There are 2 protein chains.
Amino acid sequence: MNIIISNSSSVPIYEQIKQAIKTAILSGELKEDENLPSVRNLANDLRISFLTVKKAYDELEEEGYIKTIQGKGSFVAPKNIELMKEERRREIEKHVEEIIKIAKIYNINKSEIDDIFNYIASEEDFDIN
Amino acid sequence: MNIIISNSSSVPIYEQIKQAIKTAILSGELKEDENLPSVRNLANDLRISFLTVKKAYDELEEEGYIKTIQGKGSFVAPKNIELMKEERRREIEKHVEEIIKIAKIYNINKSEIDDIFNYIASEEDFDIN
DNA sequence: TTAGCTGTTATGTTTAGTATATAACAGTAT
DNA sequence: ATACTGTTATATACTAAACATAACAGCTAA
């Protein structure tokens, strides 16, 4: 797993770690029951305090993404596929809500939004199927 | 102008004020050269420190939204319509980028995104024209 | 069993950002 | 002058984030 963090970002380090691990899990890069790096190892790799990594792991456990066993380590939790799909959908919905909020205020219509979508899609090599 | 702030929000108060004023300007609710509430007045209305309002006004001036004259007050800056349109477009683009990033990782296709869009649009009474 | 990994907990410190209060000063307008 | 505007300086309080250090506890393989 490749985690890149930026300490100049306004996003807290522990939050960046959470996001990276969530993404790795949800994309399948990290598989069920797979071992996560130990808090101290990851902290050393990222040159940060193990407490920061622990905070990320603690919250990931609270959210059901991983399981931690004292003395053994942290593992990817057996996942509730439906639940995680739901979570992803909610993320997209949030962005769509923001877009629509902006569009309503400034009288931007659907076709303009589609234009932007198509533009970004081509920039990002996203297949419009 | 009606500004509502929440002190329980994780978004700083000065940021909430900035957003509210930006929106009011860009939507046309506040017109060019129109007088903004004085820092002390707005602070009183919102029951916060005038320094917090001043911070918001200072940043709005830096970003070109308003002009402040000592002894007179703050006014909506003559706007560069094209520039502001660009800024709005950039905001939408950011959300679209996030959506596409998520869609790529989890193999969500355009029609699923459209479904979400249509769902939110109907919820939010957004005309799909 | 012990060494060396794991995670856990406690304590204290530092830093940056946000928000505040207060006071004094400066420009504008009537 | 008075009463509005904005400006500046100083000091304080609070919080979140991140850190360092130390000590403790569970697991496992040599």
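A note on names: the letters A, B, ... follow the listed sequences, proteins ahead of strands, and every chain is numbered from 1. What you see is a predicted model, and the numbers here were worked out from it, not measured in a lab.
Whole-Å rounding puts the Leu51(A) CG to dT14(C) P distance at 16 Å. Between Lys54(A) atom NZ and dA25(D) atom C1' the separation is 13 Å, expressed in whole Å. A straight line from OH of Tyr57(B) to P of dA19(C) spans 16 Å, rounded to a whole angstrom. In this structure, Gln70(B) atom CD and dC4(D) atom P are separated by 18 Å, rounded to whole Å. Spacing between atom CG of Asn44(A) and atom P of dA20(D) amounts to 10 Å, rounded to whole angstrom units. Protein atom NZ of Lys72(A) is 14 Å distant from nucleotide atom P of dT8(C), rounded to whole Å. Distance CD (Glu59(A)) to C1' (dA18(D)): 14 Å, rounded to an integer number of Å.
Look at Tyr14(B) and you won't find any side-chain N or O under 4.0 angstrom from OP1 or OP2 of dA19(C). In this structure, Lys55(B) does not reach the dA19(C) phosphate: none of its side-chain N or O atoms is under 4.0 Å from OP1 or OP2. Of the side-chain N and O atoms in Asn41(A), one or more sit less than 4.0 angstrom from OP1 or OP2 of dT6(C). For Asn35(A) and dT6(C), the shortest distance from a side-chain N or O to OP1 or OP2 is not below 4.0 Å. Under 4.0 angstrom from either OP1 or OP2 of dT5(D) there lies at least one side-chain N or O belonging to Ser38(B). The phosphate of dA19(C) has neither OP1 nor OP2 within less than 4.0 Å of any side-chain N or O from Ser49(B).
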As a quick check of understanding, evaluate salt bridge (charged side-chain N to carboxylate O under 4.0 Å, His left out) for Glu124(B) and Lys101(A), giving each step before the final call.
CA-CA 8 Å; Glu124(B) 305 283 334; Lys101(A) 196 192 287 177; over 6 Å; no
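If you check the side chains of Glu87(B) and Tyr65(B), you find a donor sitting under 3.5 Å from an acceptor.
Among all heavy-atom pairs drawn from Glu29(A) and Asn2(A), the shortest one is OE2-N, 4.3 Å. The minimum heavy-atom distance linking Gly64(A) with Ala77(A) is given by the pair O-CB, 3.5 Å.
Taking only distance into account, the side chain of Arg40(B) meets the base of dT7(D) through a donor-acceptor pair shorter than 3.5 Å.
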